Amino acid sequence: MRAVVITRGGGPEVLEAQDVEDPAPLGEGEVLLQVAAAGVNRADTLQRHGRHPPPAGASPYPGLECSGTILALGPNVPSRWSVGDKVCALLSGGGYAEKVVVPAGQLLPVPEGVSLTVAAGLPEVACTVWSTVFMTSHLSPGESFLVHGGSSGIGTFAIQIAKHLGIKVFVTAGSEEKLAACKDLGADVCINYKTEDFVERVKQETNGKGMAYHLIIFGHLSCTQDLHCHTMPLVPAR
C-alpha cells in the first residue's frame with residue numbers, strides 16, 4: 001500500500017508518499033479500513049517535528065482520524081459492522097495511508113448526508129466534546145453553555161451539538177468574521193473577547209447568575225476571568 005512517511009523531523013516538505021507494507025493481520029475485534037480521507041490534527045504536526053512519537057505498537061504513520069470503507073473484519077467484531085460499511089474512526093496513528101487497522105470500538109457510522117471527506121474530521125472533535133461536556137459534565141437541554149474559541153474545530157462542533165440538544169450557547173472569538181461563522185452555526189450570544197468583557201456580558205445575559213458550563217480550548221488564557229462568571233466547575237477540552 002501507499003502511505004505518507006515522515007522521513008525526518010521538519011516542515012511539510014519532510015512528508016513523502018511511499019510504498020510500504022500492508023497492515024498486520026487483524027486481531028481480536030479489529031477491522032481493516034480502505035481509507036478515503038484523513039483529518040489533520042496538531043498532534044500530526046508535532047509528530048512530524050519529532051515531538052509526539054506514536055504510542056508503542058501503533059502505526060508509525062501520522063493520522064489520528066480518518067474515514068473510509070470496511071474491507072475486512074477480524075474475529076468477534078460486533079455484528080453491527082459489515083464489510084462495505086462507510087465509517088469514520090479514531091486512531092492511534094496510521095490515517096495517512098491507504099489502509100489502516102482499527103479496533104471496532106473506535107468506529108463511528110458516517111452520518112446521513114455527510115461525505116466521507118467531511119466525516120474524516122468528525123471523530124476527534126466529536127469524542128472530545130461528547131466526553132467532556134456531556135459524559136463528564138452532564139450538560140442538559142434548557143441549560144446554558146459558554147464556548148471559548150467558538151470558531152475552532154472543537155468549538156464549531158460544540159455549538160452544533162449543543163443547539164441540537166436544546167442548549168443556549170454563548171461563544172467567544174477574536175474577530176467579527178469568526179463570530180459571524182459561530183452565529184451561522186447556531187450560537188445565541190457571540191462575544192468578541194478583544195473588544196468586550198465577556199464576564200460582564202455573560203452576567204448581563206444571565207441576569208447575574210453566570211454560566212454553569214464553560215468549554216475552554218487548550219487551556220485558554222481566560223481561566224481566571226471564567227472563575228468570575230461560572231456557577232459550576234469548568235470543563236477543559238484537553
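It should be emphasised that the depicted structure is a prediction, and the values quoted were computed from it without experimental measurement. Note that these values count all heavy atoms, side chains included, but never hydrogens, waters or copies made by symmetry.
- For the pair Val171/Lys178, no side-chain contact is recorded, criterion being any heavy-atom separation below 4.5 Å from C-beta on.
- One finds the CZ atom of Phe170 at 6.0 Å from the OG1 atom of Thr206 (value rounded to the nearest 0.5 Å).
- Looking at every heavy atom in both residues, Leu90 comes nearest to Cys127 through CD2-SG, 4.0 Å.
- Ser137 contributes no side-chain N or O that, together with a main-chain N or O of Phe134, makes up a donor-acceptor pair within less than 3.5 Å.
- The number of heavy atoms from other shown groups lying within 6.0 Å of CE (Met1) is above 12.
- Across Ala187 and Ile159, no two heavy atoms sit closer than the pair N-CG2, 3.7 Å.
- In summary, of the residues considered (Val5, Leu91, Leu46, Ile6), a side chain to side chain contact (heavy atoms under 4.5 Å, CB included) with Pro62 occurs for Ile6 alone.
- Summarising the local packing, CD of Glu28 is surrounded by more than 12 heavy atoms from other residues, nucleotides or ligands at distances under 6.0 Å.
- Scanning both residues, Ile167 and Asp188, for their nearest heavy atoms gives O-OD2, 4.0 Å.
- Side-chain atoms of Glu143 come within 3.5 Å of backbone N or O of Ser140 as a donor-acceptor pair.
- Leu26 and Val83 fall into different hydrophobic clusters, where Ile, Leu, Val, Met, Phe, Trp and Tyr residues are linked whenever their side-chain heavy atoms come under 4.5 Å apart, directly or through other members.
- Hydrophobic clustering (ILVMFWY, side-chain heavy atoms < 4.5 Å, transitive): Leu32 and Val87 are in distinct clusters.
- If you take CG on Leu179 and OH on Tyr193, they are separated by 10.0 Å, rounding to the nearest 0.5 Å.
- Atom CG of Leu165 sits about 12.0 Å away from atom CD of Gln160, to the nearest 0.5 Å.
- At least one side-chain heavy atom of Leu33 sits less than 4.5 Å from a side-chain heavy atom of Ile70.
- Ala17 approaches Arg2 most closely through the heavy-atom pair O-NH2, 3.5 Å.
- Interatomic distance, Thr128 OG1 to Ile154 CD1, rounded to the nearest 0.5 Å: 4.5 Å.
- From Asp197, atom CG reaches atom NZ of Lys203 across 8.5 Å, with rounding to the nearest 0.5 Å.
- The closest side-chain heavy-atom distance from Val189 to Lys168 is below 4.5 Å.
- Scanning both residues, Phe145 and Ala162, for their nearest heavy atoms gives CD2-CB, 4.0 Å.
- Atom NZ of Lys163 is surrounded by more than 12 heavy atoms from other residues, nucleotides or ligands within 6.0 Å.
- Counting only heavy atoms from C-beta outward, the side chains of Cys88 and Glu65 never approach each other to under 4.5 Å.
- Val14 and Val4 fall within the same hydrophobic cluster, defined by Ile, Leu, Val, Met, Phe, Trp and Tyr side-chain heavy atoms under 4.5 Å apart, directly or through other members.
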Quiz item: Run the side-chain contact (heavy atoms from CB on, under 4.5 Å) check on Val35 and Glu98 step by step: do they pass?
Solution: CA-CA 5 Å; Val35 176; Glu98 290 181 324; 5.9 Å; no
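- A 4.5 Å side-chain heavy-atom check between Leu122 and Pro111 finds at least one atom pair inside the cut-off.
- Two residues are said to be in side-chain contact when any heavy atoms from C-beta on lie closer than 4.5 Å; Lys99 and Gln34 meet this criterion.
- Tracing side-chain contacts under 4.5 Å through hydrophobic residues (I, L, V, M, F, W, Y), one reaches Phe157 starting from Trp130; they form part of the same cluster.
- Both Val147 and Ile161 belong to a common hydrophobic cluster when Ile, Leu, Val, Met, Phe, Trp and Tyr are linked at side-chain heavy-atom distances under 4.5 angstrom.
- For the atom pair CD1 of Ile191 and CZ of Arg201, the computed distance is 5.5 Å after rounding to the nearest 0.5 Å.
- Phe198 places a side-chain heavy atom less than 4.5 Å from the side chain of His148.
- Within a 6.0 Å sphere centred on CD of Glu21, other residues, nucleotides and ligands contribute 12 heavy atoms or fewer.
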Practice problem: Would you check, one step at a time, whether the test side-chain contact (heavy atoms from CB on, under 4.5 Å) holds for Thr7 with Gln18? | Solution: CA-CA 10 Å; Thr7 59; Gln18 298 182 4; 3.8 Å; yes
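- Proximity of a side-chain donor or acceptor of Thr69 to a complementary backbone N or O of Gly84 within less than 3.5 Å is not detected.
- Nearest heavy atoms, Asn192 versus Lys194: OD1-N, 2.9 Å.
- For the pair Val100 and Cys66, the minimum side-chain heavy-atom distance is below 4.5 Å.
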